[in-house]
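Quick notes on the structure that follows.
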Amino acid sequence: LFEEDPVCGMALLMFDQTNVTCHCQHCMKYVEGGEASLVLCALGCGAWYCSEACREDAFVAHHSVLCSSSNPRWADYEQQARECCNEYYVL
């Protein structure tokens, strides 16, 4: 029935969670070696991934729309959520 795997949502960590910067923003895998081992968004928004493949998968699945470097409205929403200490969920 489906030609591709459906994407129902994405998991995310709370802004203030310990080691939040050591988890891939696509698969949520803990990245050994910390920040030095992360692969950053090619557009420069600061999103981080565990591998080039995960970064590419994320771009196709959601990041092309949710990249704050290419979507100023999403950047505004993210900033407001951080200022209000709100966690946001994308379904």
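In what follows, residues are counted from 1 in the order of the sequence shown. Because only heavy atoms are used, hydrogens play no part in the values below, and waters and symmetry mates are left out as well, while side chains stay in.
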### Message
Under a 3.5 Å cutoff, is there a donor and acceptor pairing between the side chains of His63 and His26?
### Response
no
### Message
Let me confirm one number: the OH-CG distance from Tyr77 to Asn71, rounded to the nearest 0.5 Å.
### Response
12.5 Å
### Side-chain (Ser37) to main-chain (Glu32) donor-acceptor, under 3.5 angstrom
yes
### Query
Yes or no on side chain to side chain contact (heavy atoms under 4.5 Å, CB included) for Ser70 and Ser64, after CA distance, side-chain angles and deciding distance?
CA-CA 8 Å; Ser70 64; Ser64 59; over 6 Å; no
### Task
Any chance you could measure Lys29, atom NZ, to Cys24, atom SG, to the nearest 0.5 Å?
8.5 Å
### Message
I need the His62 NE2 to Asp57 CG distance, nearest 0.5 Å.
### Response
9.0 Å
### Message
I need the minimum non-hydrogen distance between Ser68 and Glu78, along with the two atoms involved.
### Response
CB-OE1, 3.8 Å
### Task
Mark yes or no for whether Trp74, through its side chain, and Leu66, through its backbone, hold a donor-acceptor pair below 3.5 Å.
yes
### Query
How many angstroms lie between SG in Cys50 and OH in Tyr30, if you round to the nearest 0.5 Å?
13.5 Å
### Query
Sub-3.5 Å donor-acceptor pair from the side chain of Trp48 to the main-chain atoms of Cys41, do we have one?
no
### Query
Are Leu43 and Cys45 close enough, and set up right, to give a side chain to side chain contact (heavy atoms under 4.5 Å, CB included), and what steps lead you there?
CA-CA 6 Å; Leu43 299 176; Cys45 75; 5.7 Å; no
### Query
Are Tyr49 and Leu40 close enough, and set up right, to give a side chain to side chain contact (heavy atoms under 4.5 Å, CB included), and what steps lead you there?
CA-CA 6 Å; Tyr49 304 97; Leu40 298 177; over 6 Å; no
### Non-hydrogen atoms of Glu52 and Val39 that approach each other most closely
OE2-CG1, 3.6 Å
